[in-house]
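Indexing begins at 1, ligand by ligand and atom by atom, following the structure's order.
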Amino acid sequence: MSEILTSDQVVMCHGERFRIYLDRETIAERVREIGRTISEEYAGKQPILIGVLNGSFMFIADLMRAITIDCEIDFLKLSSYGAEKVSSGNVEELKKIDAKLKDRHVIIVEDIVDTGLSMKYMMDRLDAYEPASLRTATLLHKYEATREEVQLDYVGFRIENLFVIGYGLDYGQIARNLPHIYILDESA
Ligand code: 5GP
């Protein structure tokens with residue numbers, strides 16, 4: 001039985017109320033902009049996008065379609081929050097990258113940067129492959145929560161320090177299929 005009850009404006013998920021924060025058109029427009037920028041900045045190159053599973057799958061799919069130059073894709077999976085809303089501070093690798101990254105132009109694609117721990121981990125991890133260049137893209141940045149020094153090259157939206165769901169982002173594995181992004185409604 002589904003635990004998501006939704007109108008467009010408000011969603012109940014695992015008994016908690018979330019309000020709409022970024023609608024699908026706003027997200028799509030920003031993703032197209034980032035795609036255009038990457039296409040310009042990497043003209044004549046063939047970058048490889050490394051998506052961080054599971055949360056980034058929707059963003060990376062849209063981003064890739066917004067890129068007009070040749071580009072490749074691969075995925076890495078890190079341990080998630082599980083059913084928690086607060087980062088545990090531990091990062092564990094659950095799926096490794098198959099592609100060879102040495103001398104490649106690599107762009108790490110994340111759904112959200114919170115503490116920055118996952119992005120920091122991936123930067124260090126992928127840097128060890130000696131790519132020709134290494135940049136990062138994240139759809140969302142909870143900048144007030146970020147404790148690590150992370151280099152963020154392409155940021156979709158800087159957002160409040162509250163839990164968000166939808167457009168690939170889950171709460172206890174559900175809510176990823178919501179087309180808009182919703183934020184925890186603390187006033188509820
Ligand atoms: P960090 O390592 O930066 O603390 O956390 C990064 C990962 O935590 C993200 O890739 C995402 O999976 C998860 N995360 C952080 N904040 C949120 C949030 O507000 N909502 C959801 N659904 N996941 C989040």
Could you tell me, atom by atom, which parts of ligand 1 come under 4.0 Å of a heavy atom of [X]?
X	result
Leu117	2 (O), 3 (O)
Asp170	21 (C), 22 (N)
Ile112	6 (C), 9 (C), 10 (O), 11 (C), 14 (N), 15 (C), 16 (N), 17 (C), 18 (C), 19 (O), 24 (C)
Thr115	1 (P), 2 (O), 3 (O), 4 (O)

Original post:
Out of Ser118, Gly166, Ala175, whose heavy atom is nearest to atom 2 (O) of ligand 1?
Top reply: Ser118
Using modelled atom types and a 3.5 Å cut-off, is there a donor and acceptor pairing between side-chain atoms of [X] and backbone atoms of [Y]?
X	Y	result
Tyr167	Tyr182	no
His180	Arg24	yes
His105	Lys45	no
Arg30	Val155	yes
Ser39	Thr68	yes
Thr146	Thr115	no

So for [X], does at least one of its heavy atoms come nearer than 4.0 angstrom to any atom of ligand 1?
X	value
Lys142	yes
Gly55	no
Val52	no
Ile165	no
Phe163	yes
Glu110	yes

Original post:
Is there a path from Ile107 to Met58 through hydrophobic residues (I, L, V, M, F, W, Y) whose side chains come within less than 4.5 Å of each other?
Top reply: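 They do share one cluster, since a chain of ILVMFWY contacts under 4.5 Å joins Ile107 to Met58.
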Subject >> Joint cluster assignment, Leu134 & Leu152, ILVMFWY side-chain distance < 4.5 Å >> reply: yes
Subject >> Gly116 N/O under 3.5 Å from ligand 1 N/O >> reply: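 It does: an N or O of Gly116 is found under 3.5 Å from an N or O of ligand 1.
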**OP:** Decide whether an N or O pair under 3.5 Å exists between Val164 and ligand 1.
**Re:** yes
Original post:
Charged N to carboxylate O under 4.0 angstrom, Glu29 versus Arg36?
Top reply: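 Salt bridge between Glu29 and Arg36, a charged N being under 4.0 Å from a carboxylate O: yes.
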